[in-house]
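Only one structure is covered here, and it is reproduced in the block below.
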Amino acid sequence: MSEAAQALQPDPRRWKALTFIAIAQLMVVLDATIVNIALPNAQADLGISNANKQWVITAYALAFGGLLLFGGRIADLWGRRRTFVTGLIGFAGASALGGAAVNEGMLFGARALQGAFGALLAPAALSLLSVMFTEAKERAKAFGIYGAIAGGGGAVGFILGGVLTQYLDWRWTFFVNIPFAIIAATGAFMVIREPAGARNKSGLDIPGVVLATLGLVSLVYGFTRASTDGWAAGATISLFVAAAVLLLSFVLVESRVRAPLLPLRVLADRNRGGVYLSLGLAVIAMFGLFLFLTYYLQIVKGYSPIKTGFAFLPMIAGMITGSTQIGARLMTRVPPRMLMAPGFLTAGAGMLILSQLSVGSSYAGIVLPGQILLGLGMGTAFMPAMSLATHGVQPRDAGVASAMVNTSQQVGGAIGTALLNTIAASSTTAWVAAHAAQARTLGQQGFVNAAAVHGYATAIWWAVGILALAATIAAVLINTGQGDSGPVATSDDGETAEALAVPVVAH
């Protein structure tokens, strides 16, 4: 039997491996939601200004999004298991540093380190799934479990974040990552074996690494500076111009080097390109909302951290239901765009409800139905998107294809936090100027709350439009037929075996 044929044989320990991959994913998702709940307390403890509070989110997303392509390439070159374990150990160390932070600089630095090691961990995990689960129904089930645990991690994160913040200290929201990392790393080292011939041993594309990282960082930082300096400020415009030049240079370099960081063949497929673009846009809408809802519930409505954690559960329940009961069940029966486009529109309907937020809004009347629809829609859309992101790629490109889906999410999250926070801040400032006469009527805190909620609602309206655009892109660009979640495959000479990888393509 040839090496390529052996690579297509299912790994007998693949389901055990999925357990430890899922634990790692649980840790990463847990960290994201825990930090959101703990942020108000960490801000007060370390004296972080309102202008700088978003850096707890953005520092992580900048490092993660900027280095993901490099992390995916390292996974292809160095080996996915080794990269996976290294990412876990580094993430645990960065979490310990964050928990011990004595000032905002140390906390932001720890978050950036978490992002850097997450950039190794995430593409290695997703590409391990893509090369270990090669049969369509098994692949759908594996991605369904992976997505459900990711959603469950969000629920655990919100509740655990509330419990740890309220009864212990916000620092424990960082320390809790350490045991998860140890368990996942130990299990991965013992159980995971990569298929033969799945590595890409070409040299590293250093110019590509530098251009991609600097370009993505400039892009996200441009949105961040806009929140403090304004859109027309010289620094803001310069950052956007630099991002455009760097990213265009990156594309030019990738088209000419022998071993590109991001082979343009990965992006050339319209289905994968549609997934990356629509998913990135959807996450722009969702990440900003997390920040707004956390502050709305804790600051405006006066919820405790643990009550805030429980208040987010309907959205997580919706995501789990959408991913396991709708997305995973229908992935092999209907075309992906018939799940992704309606999913994004459903999420947009939930966001539309949330755009009606006011200081006096009831949880049951606005927040609850909005969260349920948002979760159902995102869960339904994310399942086929995650599977399609690595669909039909050569095994040597599995790491970078996995990195691209994570890059679209993390860069989308960083842009979403910065962009929507900027829109909210600008809208709040304009509202204060236009309603200054109401300050005496509403009282100081009432006036501040009314201004903040107006800003949140305005930004959420923008999120509705972004989700509508994501749905349109998914419907137009993604044309793969149902059941097309086939294996990553190679022929004996290492090239893509299209007959195996792409059973049917609907035009």
Side-chain angles (χ1 to χ4, degrees), residues 29 32-33 36-37 39 57 150-152 154-155 157-159 161-162 278-279 281-303 305 307-323 325-327 339-382 412-413 416-417 419-421 423-424 427-428 449-450 452-471:
V29 176
T33 50
N36 272 285
I37 296 296
L39 183 52
I57 310 294
F158 282 124
I159 296 172
S278 62
L279 202 56
L281 286 168
V283 173
I284 284 177
M286 190 169 71
F287 264 56
L289 178 73
F290 285 162
L291 188 64
F292 298 149
L293 270 187
T294 298
Y295 274 82
Y296 175 77
L297 293 172
Q298 289 195 45
I299 305 301
V300 177
K301 304 301 285 186
Y303 283 24
K307 187 176 180 181
T308 302
F310 277 102
F312 273 102
L313 288 188
M315 179 163 55
I316 302 301
M319 291 184 74
I320 294 173
T321 302
S323 64
Q325 302 306 309
I326 302 175
L339 292 173
M340 291 180 65
F344 290 141
L345 289 176
T346 301
M351 202 74 83
L352 187 62
I353 293 173
L354 290 166
S355 72
Q356 306 305 306
L357 275 178
S358 67
V359 174
S361 295
S362 70
Y363 177 82
I366 298 291
V367 180
L368 179 61
Q371 283 196 71
I372 290 173
L373 286 175
L374 181 64
L376 275 173
M378 288 296 192
T380 299
F382 276 17
T417 302
L419 172 64
L420 296 182
N421 194 50
I423 292 170
S427 180
T428 296
N449 286 346
V453 173
H454 174 78
Y456 300 160
T458 302
I460 292 171
W461 265 109
W462 280 75
V464 173
I466 292 169
L467 282 168
L469 180 59

For Tyr296, which residues count as a ring-ring contact (aromatic ring centres under 6.0 Å, His included) partner, sequence neighbours excluded? none
So, using ring-ring contact (aromatic ring centres under 6.0 Å, His included) as the criterion, who are the partners of Tyr456 when residues are at least two apart? Phe292
Which heavy atom in [X] sits nearest to a heavy atom in [Y], and how many Å separate them?
X      : Y      : answer
Ala457 : Ser355 : CB-O, 3.4 Å
Gly343 : Ala381 : CA-CB, 4.3 Å
Ala463 : Met351 : CB-CG, 3.8 Å
Leu420 : Ala285 : CD1-O, 3.9 Å

Applying the side-chain contact (heavy atoms from CB on, under 4.5 Å) criterion to Val453, which one of Val300, Ile299, Thr458 satisfies it? Val300
Can you measure from [atom1] ([X]) to [atom2] ([Y]) and round to the nearest 0.5 angstrom?
X      : Y      : atom1 : atom2 : answer
Trp461 : Gln356 : CH2   : CD    : 6.0 Å
Met340 : Thr380 : CE    : OG1   : 11.5 Å
Met315 : Met286 : CE    : CE    : 7.5 Å

Who are the side chain to side chain donor-acceptor pair (under 3.5 Å) partners of [X], not counting sequence neighbours?
X      : result
Thr428 : none
Tyr303 : none
Gln325 : Arg329
Thr321 : none

For residues 357-375, which side-chain donor-acceptor pairs fall under 3.5 Å, sequence neighbours excluded?
from: Ser358; atom 1: OG; to: Ser361; atom 2: N; distance (Å): 3.4
from: Ser358; atom 1: OG; to: Ser361; atom 2: OG; distance (Å): 3.0
from: Ser361; atom 1: OG; to: Ser358; atom 2: N; distance (Å): 2.7
from: Ser361; atom 1: OG; to: Ser358; atom 2: O; distance (Å): 3.3
from: Ser362; atom 1: OG; to: Gly365; atom 2: N; distance (Å): 2.9
from: Tyr363; atom 1: OH; to: Ala311; atom 2: O; distance (Å): 2.5
from: Gln371; atom 1: NE2; to: Ala311; atom 2: O; distance (Å): 2.8

Assess the residue pair Val283 and Phe382 against the criterion (side chain to side chain contact (heavy atoms under 4.5 Å, CB included)); give the C-alpha distance rounded to whole Å, side-chain angles, the decisive distance to 0.1 Å, and a yes or no. CA-CA 10 Å; Val283 173; Phe382 276 17; 4.1 Å; yes
Quick check: do Leu467 and Met378 have side-chain heavy atoms less than 4.5 Å from each other? yes
Any side-chain heavy atom of Phe344 sitting closer than 4.5 Å to one from Leu469? no
